[in-house]
Amino acid sequence: MKNGVLKYDKKRTEGRKKKKILKTAPNVPPDIYLTEFLRQLFSYAKEQPWVFNMFVLMGQARRSGMPEEVRNEALSVDTVSSTAELIRAGQRSGVFRSGDAMLMSRCFWASVQGIMEEMSIDKTMDSPDPEWIVGILKM
């Protein structure tokens, strides 16, 4: 992503089968990272509408009943675990509320998934303020 906020951590994926882990750039607080990530995601998706459809496709592909090879590929993108790590860091620093970081991450991504699906249906829908979505994690 732009601005160097989002990085792919190849070193952390070595030895793991197809897991893709994201991490923050050094010295970027978790709440700022997630807010800017969403801002960039929504902006990019507005410029490239196929991104909305990719969220819909990946959401469908993760469901049971899909061909196993397709489902495994979709499940290999582990945004929930890496976001849970960010949430834990935010909890330690007092930025995010206490609670089950994995559950909070799933709820965060479920809200993003729903927004992307709605925006794939209604191309005129404005992007929500990323602060609203990150706000579900904050104190």
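The figures that follow rest on heavy atoms only: side chains count, while hydrogens, waters and symmetry mates do not. Being a predicted model, the structure only gives us computed values, none of them experimental. When a residue number appears, it is its place in the shown sequence, counting from 1.
Taken together through direct or relayed side-chain contacts under 4.5 Å among Ile, Leu, Val, Met, Phe, Trp and Tyr, L41 and W132 form parts of separate hydrophobic clusters. Cluster annotation: F52 is connected to M125 through the hydrophobic network of ILVMFWY side chains, with a link wherever side-chain heavy atoms come within less than 4.5 Å. V77 and L57 fall within the same hydrophobic cluster, where Ile, Leu, Val, Met, Phe, Trp and Tyr residues are linked whenever their side-chain heavy atoms come under 4.5 Å apart, directly or through other members. In the hydrophobic clustering of this structure, L103 does not group with L34; members are Ile, Leu, Val, Met, Phe, Trp, Tyr whose side-chain heavy atoms approach within less than 4.5 Å, directly or through other members. Linking ILVMFWY side-chain heavy atoms closer than 4.5 Å, directly or via other members, places W109 and Y44 in a single hydrophobic cluster.
Minimum interatomic distance between M116 and A45 (heavy atoms only, all atoms of both residues): CE-CB, 3.8 Å. Closest approach of T79 to S105, counting heavy atoms only: O-OG, 4.2 Å. The two residues M139 and G94 come nearest to each other via the heavy atoms CG-O, 3.5 Å. In terms of heavy-atom proximity, R97 sits nearest to K138 at NH2-O, 2.6 Å. Between P30 and A89, the closest heavy-atom pair is CG-CB, 4.0 Å.
At least one donor-acceptor pair under 3.5 Å links the side chain of S111 to the backbone N or O of F108. Under the 3.5 Å distance criterion, the side-chain polar atoms of R63 are left unmatched by any main-chain donor or acceptor of R71. In this structure, the side chain of R62 does not engage the main chain of L75 through any donor-acceptor pair within 3.5 Å. The main-chain N or O of V80 is never found under 3.5 Å from a side-chain atom of T83 such that the two would form a donor-acceptor pair. Side-chain N or O atoms of T35 include none that pairs as donor or acceptor with a backbone N or O of I32 at under 3.5 Å. Judged by distance alone, the side chain of Q91 and the main-chain N or O of F96 form no donor-acceptor pair under 3.5 Å.
Within the 4.5 Å cutoff, no side-chain heavy atoms of F55 are placed close to those of E117. Inter-residue side-chain proximity for V56 and I121 is flagged as unmet; no heavy-atom pair is nearer than 4.5 Å. At least one side-chain heavy atom of F42 sits less than 4.5 Å from a side-chain heavy atom of I115. By the 4.5 Å heavy-atom criterion applied to side chains, Q40 and S43 are not counted as neighbours. Side-chain contact between D31 and L137 is absent, with no heavy atoms from C-beta onward closer than 4.5 Å. Proximity of I133 to P128: side-chain heavy atoms (C-beta onward) are separated by under 4.5 Å at one or more points.
A salt bridge links E36 with R39: at least one charged nitrogen is closer than 4.0 Å to a carboxylate oxygen.
Taken from CE in M104 to CZ in R88, the straight-line distance is 10.5 Å, to the nearest 0.5 Å. One finds the CG atom of N53 at 12.0 Å from the CE atom of M119 (value rounded to the nearest 0.5 Å). Put simply, OG on S82 and CD1 on I87 are 9.5 Å apart, with the number rounded to the nearest 0.5 Å.
In this structure E118 satisfies the salt bridge (Lys or Arg N to Asp or Glu O under 4.0 Å) test with no other residue, sequence neighbours excluded.
Around CD of E69, the count of heavy atoms belonging to other residues, nucleotides or ligands within 6.0 Å does not exceed 12.
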